[in-house]
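Notes follow once the structure below has been shown.
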Amino acid sequence: MGIETVIAGQDTSSGLQIRCPRLCSWLFAVLALLPGMQGAAPRYEDVAREAGIRDTVTYGSATSNSYILETTGTGAAILDFDRDGDNDVLVVNGTTFDLWASGDSPPLLLYINNGNGEFREAAEAAGLSGRGWGQGACVGDIDNDGWDDLLVTYYGSNVLYRNGSGRFQDASSGLAQTAGQRRWGAGCAFFDYDADGLLDLFVANYVDFDPESTPKPGSSGACEWKGIPVMCGPRGLPRATNILYRNLGGGEFEDVSSSSGILEPGGRYSLGVVAADFDNDGDSDVYVACDMTPSLLYRNNGDGTFTDIASLAGVGYNADGQLQAGMGVAVADYDRNGFLDIAKTNFSGDLPSLYNNEDGVFFEDVAFDAGLGKHQLLGWGAVFVDADEDGLPDLMMANGHVYPEVDAAPIGETYRQQTVLYKNLGDGTFEDITGRAGPALQDGRPARGMASGDLDGDGHPEIVLVNVNAPPSLLKNTDFAGKAASIRLQGTDSNRNAIGSRVDLVIGKRRFMQAVVGGGSYYSQSDFALHFGLGDADTIDAIEIAWPNGLRQRWTDLAGNRRYLFVEGRAEVESASLNRRGPTGSR
């Protein structure tokens, strides 16, 4: 195994960026079918109950709701909070108006991984005491001490939990929040926007909601849907503004929303958030999926300010220039042109969005041409995951209607909806393989948040789904035959989570890129480890890493089917074999 180290700005043969016109997309299909990169069909089973993930997530009513606050649901985060080598699962809990008024709202849910395929719930024992209208969660080591911290967003006041050696303490006093102000925190993301090595924080806000002044269901045309009286909103309700907090160190954050340009676009109905480098300039931008207002793409100007370029870039609206009810967001280089693309889930009766990143500046919504039009369900969480381990990111989306009332109405819609899986065919298109991807994808759910991460140590990500008024789902792939590499990064000069890093993996003439991003999906944070499917390849020719501080490193001739830890600036690499399973799921 060899290593090369270069600094950004110097010439390098590593080729961290490749470009290919869309006319050569046929070449991707040919390369994907070459020996060594073919994947088996996945088979997902819901193993939540057997794993001990059984607590009901409370959120509004399961039959009818009077307010929009009762409908949005919650998210999840995957992290190894106690540093025992096994990923744990945080599920944000909600409440009802009755429970909220009585002070009996249920607690957060933290499922601690016992390392044997089972989990035990211990949120309050770990110091996670928050209760109320929980929304989303994001993960980041805000003080670079090696222990991942948490932000949980709420309708009301968000809660920042600082992790001290596996036990959380409420550190919200360090987060600038206006006393007495009730805001609706939605998606969030930690990322280092000013490249000082400390993770900053972006928080989206949905609606400036006041139940006392919100109209009742059926009171106007804005409070009906297909003739059904339903809760009002978001249209007609006050729009909210988003927040950017700069990490000052010592657990203190400063609200820089105004000076940084985050407030410049005005109010939005903001939901899902992801922080990622879309233009390959070395700093992280922020994309926000917005509900019935133009979505946002905050371009990082590199000087501490941001500019919203969503409309110019083609990601604010759909392909026809129409507004959409955007919910969740996922990013991946699905067409292998070296730039991160954006998938966005939308409301019932609409296509999901698939914004193809052409050159870091301009995107095109190719959802219909890419084959994502078969289902027009009401989408929430979304993740790109290489389900068949052929090297190409597939797309999984969680669905569930926003109105429980549809079950009793003769309109042909259901509250519980399928989770769907689209296989990346390697030619710019996707195939719906939901019907043959296992029993877990055949049943409907009232799903909202979704996160991915390896929970059993076999190197293949599991999928956590948050269901409203039902226990979470844990989707496990029990039938795959490909090889893989699990890559975790640790920053030193950069933030310790290495959020903002880019990894290029090379096998022969094939190059696959992934990035460590903040936030993503709907209200959720997936594991920071990157999963690369290798097909039948036993050897990785090269792994190239571009760190947030500008350092670039390249390793050559690495074995497949291993778990790797790369530490910024260090030549030595830690690795261990993946504990892979056979086709039946046995170890």
Side-chain angles (χ1 to χ4, degrees), residues 75 136 138 186-193 200-206 240-244 257 260-265 268-281 283-301 305-319 323-334 339-346 352-367 379-384 393 395 397 450 499-500 502 514-526:
C138 50
C188 61
F190 285 103
F191 72 120
D192 183 9
Y193 82 91
D200 310 298
L201 174 62
F202 183 95
V203 180
N205 289 292
Y206 185 36
T241 54
N242 301 321
I243 307 175
L244 177 64
S257 308
S260 66
I262 295 299
L263 298 182
E264 188 64 27
R268 293 289 198 276
Y269 302 130
S270 298
L271 289 170
V273 173
V274 67
D277 184 4
F278 293 106
D279 51 8
N280 289 353
D281 65 353
D283 49 36
S284 292
D285 314 295
V286 179
Y287 183 76
V288 185
C290 296
D291 186 359
M292 296 312 299
T293 48
S295 291
L296 296 159
L297 177 55
Y298 292 107
R299 181 185 62 194
N300 191 330
N301 299 321
T305 68
F306 292 80
T307 302
D308 173 33
I309 63 167
S311 296
L312 173 67
V315 296
Y317 302 83
N318 70 2
L323 286 173
Q324 294 178 292
M327 308 292 187
V329 57
V331 298
D333 180 17
Y334 80 89
F339 291 92
L340 290 173
D341 311 297
I342 301 172
K344 177 168 66 73
T345 55
N346 297 306
S353 304
L354 182 62
Y355 296 112
N356 178 266
N357 189 343
E358 297 180 347
D359 57 6
V361 177
F362 296 106
F363 295 72
E364 181 181 0
D365 187 352
V366 297
W380 300 91
V383 296
F384 279 102
L395 179 59
M397 291 179 285
M450 171 189 276
I499 296 172
R502 167 183 171 137
Q514 293 187 39
V516 183
V517 303
S521 189
Y522 175 77
Y523 283 11
S524 299
Q525 177 71 65
S526 294

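Bear in mind that the values here come from a model prediction, so they are computed numbers and not experimental data.
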TODO: Mind telling me whether F384 and Y334 have parallel, tilted or perpendicular rings, with 30° and 60° as the class edges?
DONE: parallel
Open item on the list: Show the nearest heavy-atom pair for residues M327 and W380, with the distance to one decimal.
Closed with: SD-CZ3, 3.9 Å
TODO: Could you tell me the separation between the CG atom of D285 and the CG atom of N300, rounded to the nearest 0.5 Å?
DONE: 6.0 Å
TODO: Using modelled atom types only, decide if a donor and an acceptor are shared between the side chain of T345 and the backbone of G328 within a distance under 3.5 Å.
DONE: yes
Task: Partners meeting side-chain hydrogen bond (donor to acceptor under 3.5 Å, both in side chains) with S260 (sequence neighbours left out) - done: none
- [ ] Check the pair F339, V361 against side chain to side chain contact (heavy atoms under 4.5 Å, CB included), reporting the backbone distance first and the verdict last.
- [x] CA-CA 10 Å; F339 291 92; V361 177; over 6 Å; no
TODO: Supply the atom-to-atom distance L340 CG to R502 CZ, rounded to the nearest 0.5 angstrom.
DONE: 7.5 Å
TODO: Sequence neighbours left out, what passes side-chain contact (heavy atoms from CB on, under 4.5 Å) with S526? Give chain and number order.
DONE: V383, A451, S452
Task: side chain to side chain contact (heavy atoms under 4.5 Å, CB included) partner of I342, the single match among V331, D365, L354 - done: V331
TODO: Using the side chain to side chain contact (heavy atoms under 4.5 Å, CB included) rule, take L271 and Y523 through it: C-alpha gap first, then chi angles, then the decisive distance, then the call.
DONE: CA-CA 7 Å; L271 289 170; Y523 283 11; 3.5 Å; yes
- [ ] Would you please indicate if the ring centroids of Y298 and F202 are separated by under 6.0 Å?
- [x] yes
- [ ] Report the distance from atom CG of D283 to atom CZ of R299, rounding to the nearest 0.5 Å.
- [x] 10.0 Å
TODO: Name all residues meeting the ring-ring contact (aromatic ring centres under 6.0 Å, His included) criterion together with F278; count only those two or more places apart in sequence or in a different chain, and write none if there are none.
DONE: none
